[in-house]
Number of protein chains: 2
Amino acid sequence: MSADPSSRRGIPDATVARLPEYLRALTGFAERGITSVSSEELAAAAGVRSAKLRKDLSHLGSYGVRGVGYEVDHLAYQISRELGLTQDWPVAIVGMGNLGHALAAYSGFATRGFRVVALLDQDCDLIGQEIAGLPVRPMSALADLVAARGLAIGVIATPAASAQDVCDALVDAGVRSILNFAPCVLAVPDGVDVRKVDLSTELQILAFHEQRKALARGSVLVDGSLRRVASE
Amino acid sequence: MSADPSSRRGIPDATVARLPEYLRALTGFAERGITSVSSEELAAAAGVRSAKLRKDLSHLGSYGVRGVGYEVDHLAYQISRELGLTQDWPVAIVGMGNLGHALAAYSGFATRGFRVVALLDQDCDLIGQEIAGLPVRPMSALADLVAARGLAIGVIATPAASAQDVCDALVDAGVRSILNFAPCVLAVPDGVDVRKVDLSTELQILAFHEQRKALARGSVLVDGSLRRVASE
DNA sequence: ACGCGTTTGTGAAGGAATGCACAAAGTCAC
DNA sequence: GTGACTTTGTGCATTCCTTCACAAACGCGT
Ligand SMILES: NC(=O)c1ccc[n+]([C@@H]2O[C@H](COP(=O)([O-])OP(=O)(O)OC[C@H]3O[C@@H](n4cnc5c(N)ncnc54)[C@H](O)[C@@H]3O)[C@@H](O)[C@H]2O)c1
Ligand SMILES: NC(=O)c1ccc[n+]([C@@H]2O[C@H](COP(=O)([O-])OP(=O)(O)OC[C@H]3O[C@@H](n4cnc5c(N)ncnc54)[C@H](O)[C@@H]3O)[C@@H](O)[C@H]2O)c1
């Protein structure tokens, strides 16, 4: 009953999260004309250990050749297929402020299986303007986009205060995958996936380790600030 | 010899990654004038289970009161201190293209313990221009920024092709924490932390789950594209 | 045909993170 | 003070992820 590969059900989340990086590394090899790689080489390019890479790939099937390695094109195709990138996914960006502008102008979407089909905003002054070749449309266009264009993924680039409203509108329209740039948690019904990209969180994690390193190096914390301690 | 709290060494990475979210939730409560929260309430606001929250917090010490909960301000302070946010961290942004512009204009830095002290680019046409009140400076300014301004964190917003060069320059200048927006893996010496924010990766993970959901719903994969199967 | 060197795929071990359930510790009303 | 009630902090079981290490599988040279 189940399709092609074997009897693989459920690829671990941790593995799925790394597949895009493997795909990117493979694309890099392909561009340099390399047609075959070992798990060791590919792992190095993707920044992981080879054992981890091999176990990850084993979840999608057995696409390597023992004693030789992996054929670059074939493996790239298999990963693409697993990730659902053999088709284009229609994406809408909501919130055409600073970040929305940058996202709209970003060429990295198209090259990786995504197509921005609409830019949305609430602001009357923005609606109708063209950004990166697309007109800004009102939120009321959402339902139609889902029905007519197969819109599947929504990107939220509005302030945090509006993010939940925008999210609700997307879900109501039938969007089931959301990428959220606003620094807040979104409540969604079952069956809807949300992923968050959060700049401040990343910086704060860096700050934690930076402080750690400074303290290990011998600095001291005075009044909440690091002070370099005289040494050597 | 070790300072205040108890004998806590080594907070789990997974916990550190969630502390910023807890901090944000606490800030939200504080803004609404709420002075005390239970682990249940705080967990809901942060999007986790209360047991996980309590275990996370237990790693920083015992700052709750049984039968009552946590004092919002006090807990926020403790988390801030742990993350190293009681001091400001000087940040430089390298690469003043679309994304760099948006980042420079972003107010979310300052409100969370970070201060953008410099904008850098290689492009002669950009150098000298003012963006969001700061002049764009050449890469040669790096060494001085580290020495004179205590620059600790570098943000890379250049194309992937230049990212490793920029990274090397940052490391040479003494920067030990890097946030990378370019879609590539960076090689750094021991003692340097890199975190990556990658839009495409996130979208691809969403695509994976989206495809999964579509297949579960009864669609079929024809030639790499999803086809809705006639039903009810 | 056959053995040698190489590299995959995977069981098994180890470690990290999560979820459960409850004793301990506190508040508050009276 | 005392007892009822609430909520924390944590030991334990479980699940998830990573790492190790090696037998099985393959290509190639002879
Ligand atoms: N700018 C950055 O570099 C950056 C970085 C990280 C995170 N963020 C986050 O991304 C989000 C957007 O940032 P920004 O700097 O572009 O903000 P911005 O204020 O420049 O733009 C927000 C846009 O959203 C629109 N909007 C507001 N409410 C809306 C609604 N209900 N429906 C539709 N559109 C609505 C506004 O009209 C505006 O055009 C914020 O949550 C911010 O915290 C931004
Ligand atoms: N724009 C987006 O929304 C977006 C989203 C996700 C990821 N990214 C990634 O972020 C990066 C920047 O994107 P962008 O759209 O702003 O690109 P961009 O081309 O608009 O800007 C790149 C800037 O980097 C500068 N630069 C190039 N080489 C440099 C060097 N060696 N030293 C210093 N500066 C240098 C260029 O002068 C230019 O100003 C890219 O890697 C892109 O893939 C962008």
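Reminder, nothing fancy here: chain letters follow the sequence lines and each chain counts from 1. None of these values were measured; they are calculated from a predicted model.
- Proximity of A:Tyr70 to the phosphate of C:dG9: a side-chain N or O atom is located under 4.0 Å from OP1 or OP2.
- For C:dT18, the OP1/OP2 oxygens have a side-chain nitrogen or oxygen of B:Arg18 closer than 4.0 Å.
- When rounded to the nearest whole Å, the span between CD of B:Glu40 and P of D:dT8 equals 8 Å.
- Atom-to-atom, CG of B:Asp13 to P of D:dC16 comes out at 20 Å; the value is rounded to the nearest Å.
- Between B:Ile156 and B:Leu170, some side-chain heavy-atom pair lies under the 4.5 Å cut-off.
- When each of A:Ala14 and B:Gly69 is assigned the nucleotide of DNA chain D with its nearest heavy atom, B:Gly69 is the one assigned upstream, toward the 5' end.
- With D:dA21, D:dC17, D:dG9 as the choices, the nucleotide that has an atom nearest any side-chain atom of B:Ser58 turns out to be D:dG9.
- In summary, the side chains of A:Ser39 and A:Arg54 do present a donor paired with an acceptor at a separation below 3.5 Å, with no hydrogens or angles considered.
- When rounded to the nearest whole Å, the span between CD of B:Gln78 and C1' of D:dT8 equals 16 Å.
- Side-chain proximity of A:Arg54 to C:dC20, C:dT8, D:dC17: nearest is C:dT8.
- Inter-residue side-chain proximity for A:Leu199 and A:Phe181 is flagged as unmet; no heavy-atom pair is nearer than 4.5 Å.
- Look at CG on B:Asp56: it is 13 Å from P on D:dT10, rounded to the nearest Å.
- Atom pair B:Glu41:CD and D:dT7:P shows a separation of 8 Å (rounding to whole Å applied).
- When the options B:Gln211, B:Glu210, B:His209 are evaluated for a side chain to side chain donor-acceptor pair (under 3.5 Å) with A:Ser177, the one that passes is B:Glu210.
- Rounded to a whole Å, the CG atom of B:Leu75 is 9 Å from the P atom of D:dG9.
- The shortest distance between the side-chain N/O atoms of A:Arg66 and the OP1/OP2 oxygens of C:dT10 is not below 4.0 Å.
- In this structure, of D:dG11, D:dT18, D:dA25, it is D:dG11 that holds the atom nearest to the side chain of B:Lys55.
- In this structure, A:Gly84 and A:Trp89 approach most closely via the heavy-atom pair O-NE1, 2.6 Å.
- OP1 or OP2 of D:dG9 lies within a sub-4.0 Å distance of a side-chain N or O belonging to B:Ser62.
- In this structure, CG of B:Leu53 is placed 12 Å from C1' of D:dT7, rounded to the nearest angstrom.
- When rounded to the nearest whole Å, the span between CZ of B:Arg49 and P of D:dT15 equals 17 Å.
- The shortest distance between the side-chain N/O atoms of B:Ser39 and the OP1/OP2 oxygens of D:dT7 is not below 4.0 Å.
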